[in-house]
Amino acid sequence: MHALKTEHLFSYQATLAPPEVIGPVVEGIRVNFWVTGGVVKGPRITGKLRPEGADFFTLRPDGVGLLNVKAVIETDDGALIDLAYEGIADLGPDAHARFLAGDPPTRLELRTTPRLRSTHPAYADLARRLHVGVGVGQLDTLSVSYDIYTVG
């Protein structure tokens, strides 16, 4: 068996604007969650989330939420890091129907595969590695938090 080794890069907490519900489309229910800011802290990256990113979320009819996030981290040393990821949140088989009935979930368990890219020499190597994210979305407080790891 091959061992899975990970290293914690950083954690972040983000605040979100009220959801922008596009509504039912062919793939499911489309909802945009716009980032209004956030704090990034960790052994490798410290800084803030700039207030211009979003999660272009789709809730499939089977209750699985598909995340599609684009954001920018501004580090304390002035670097910009492009943060993009896809992921899933299993909200249960009845989540689609509950959402349509006006009863969306308040808590989402999030699993992601972030891509980190920067031209800054201190962070350029991040694009060469695989990363995973484990997080929680709180729709009642319009916030999300993640721990981001690199796979060694």
Side-chain angles (χ1 to χ4, degrees), residues 4 6-92 95-96 98-99 104-120 122-152:
L4 177 64
T6 62
E7 175 189 344
H8 180 243
L9 291 179
F10 62 94
S11 299
Y12 75 85
Q13 296 180 340
T15 54
L16 307 170
E20 177 181 69
V21 179
I22 305 299
V25 297
V26 174
E27 299 84 2
I29 302 168
R30 277 277 301 109
V31 182
N32 295 332
F33 293 96
W34 297 96
V35 175
T36 59
V39 177
V40 178
K41 291 184 180 179
R44 180 75 193 271
I45 300 171
T46 302
K48 65 181 180 180
L49 276 178
R50 294 176 64 153
E52 55 230 3
D55 180 358
F56 304 101
F57 182 83
T58 302
L59 179 57
R60 295 186 326 208
D62 66 355
V64 173
L66 302 178
L67 290 75
N68 180 9
V69 174
K70 312 283 187 212
V72 176
I73 297 171
E74 183 176 339
T75 66
D76 286 348
D77 58 358
L80 296 179
I81 300 174
D82 177 59
L83 169 64
Y85 57 85
E86 294 180 350
I88 64 168
D90 188 346
L91 306 177
H96 189 270
R98 284 192 351 256
F99 191 98
T106 57
R107 180 180 168 89
L108 292 79
E109 297 287 333
L110 310 169
R111 304 298 180 256
T112 67
T113 54
R115 292 178 311 282
L116 300 163
R117 297 175 289 214
S118 180
T119 59
H120 191 285
Y123 307 104
D125 67 305
L126 294 174
R128 303 177 68 87
R129 306 194 65 192
L130 177 71
H131 311 285
V132 295
V134 178
V136 172
Q138 292 289 151
L139 297 184
D140 53 347
T141 60
L142 294 175
S143 64
V144 65
S145 63
Y146 275 99
D147 294 315
I148 306 299
Y149 301 87
T150 190
V151 178

Can you tell me how far CG of L83 sits from CD1 of I148, rounded to the nearest 0.5 angstrom? 7.0 Å
Side chain to side chain, V72 and E52, heavy atoms closer than 4.5 Å: yes
With sequence neighbours left out, the residues meeting salt bridge (charged side-chain N to carboxylate O under 4.0 Å, His left out) with D77 are none
What residues, two or more places apart in sequence or in another chain, satisfy side-chain contact (heavy atoms from CB on, under 4.5 Å) together with A89? L67, L91, L108, L110
Please list all pairs passing the salt bridge (charged side-chain N to carboxylate O under 4.0 Å, His left out) test where one or both residues lie in residues 32-45, with sequence neighbours left out. R44-D125
Donor-acceptor check, side chain of S118 to backbone of L80, threshold 3.5 angstrom: yes or no? yes
Sorted by chain and residue number, the ring-ring contact (aromatic ring centres under 6.0 Å, His included) partners of Y146 (sequence neighbours excluded) come out as Y12, Y85
Nearest-0.5 Å distance that lies between atom CG in L126 and atom CG in L116: 5.5 Å
Do V134 and E109 have side chains that approach each other closer than 4.5 Å (heavy atoms only, starting at C-beta)? no
Can you name the residues that form a salt bridge (charged side-chain N to carboxylate O under 4.0 Å, His left out) with D82, not counting sequence neighbours? R117
Test of understanding: with side-chain contact (heavy atoms from CB on, under 4.5 Å), list the residues that count as partners of V64, not counting sequence neighbours. R60, D62, L66, I88, D90
Would you please name every residue forming a salt bridge (charged side-chain N to carboxylate O under 4.0 Å, His left out) with R129, sequence neighbours left out? none
From CD (E74) to CZ (R50), nearest 0.5 Å: 5.0 Å
Using the side chain to side chain contact (heavy atoms under 4.5 Å, CB included) rule, take T112 and E86 through it: C-alpha gap first, then chi angles, then the decisive distance, then the call. CA-CA 6 Å; T112 67; E86 294 180 350; over 6 Å; no
Walk me through it: do L49 and V39 pass the test side chain to side chain contact (heavy atoms under 4.5 Å, CB included)? CA-CA 6 Å; L49 276 178; V39 177; over 6 Å; no
Contacts of N32 that satisfy side-chain contact (heavy atoms from CB on, under 4.5 Å) - sequence neighbours left out: E20, I22, R30, W34, F56
R115: what forms a side-chain hydrogen bond (donor to acceptor under 3.5 Å, both in side chains) with it, not counting sequence neighbours? none
Applying side-chain contact (heavy atoms from CB on, under 4.5 Å), can you list everything that pairs with L130, at least two apart in sequence or on another chain? V151
Apply the test side chain to side chain contact (heavy atoms under 4.5 Å, CB included) to residues L16 and T36: give CA-CA distance (whole Å), side-chain angles for both, the deciding distance (0.1 Å), then the verdict. CA-CA 5 Å; L16 307 170; T36 59; 5.6 Å; no
Are F10 and D147 packed together at the side-chain level, in the sense that at least one heavy-atom pair is separated by less than 4.5 angstrom? no
Is there a side-chain contact between R98 and P104 (heavy atoms, below 4.5 Å)? no
Nearest heavy-atom neighbours spanning S145 and Q13: CB-CG, 4.0 Å
Please tell me if the side chains of L139 and P19 come closer than 4.5 Å, counting only heavy atoms from C-beta onward. no
With distance as the sole criterion, is a donor-acceptor pair present between the side chains of T46 and D76 under 3.5 Å? no
Contacts of H96 meeting side-chain hydrogen bond (donor to acceptor under 3.5 Å, both in side chains) (sequence neighbours excluded), chain-then-number -> none
Least distance between heavy atoms, A95 atom then L59 atom: O-CD2, 3.8 Å
Listed partners of T141 passing side-chain hydrogen bond (donor to acceptor under 3.5 Å, both in side chains), at least two apart: S143
Assess whether side chain to side chain contact (heavy atoms under 4.5 Å, CB included) is satisfied between V35 and T15, documenting all intermediate values. CA-CA 6 Å; V35 175; T15 54; 5.9 Å; no
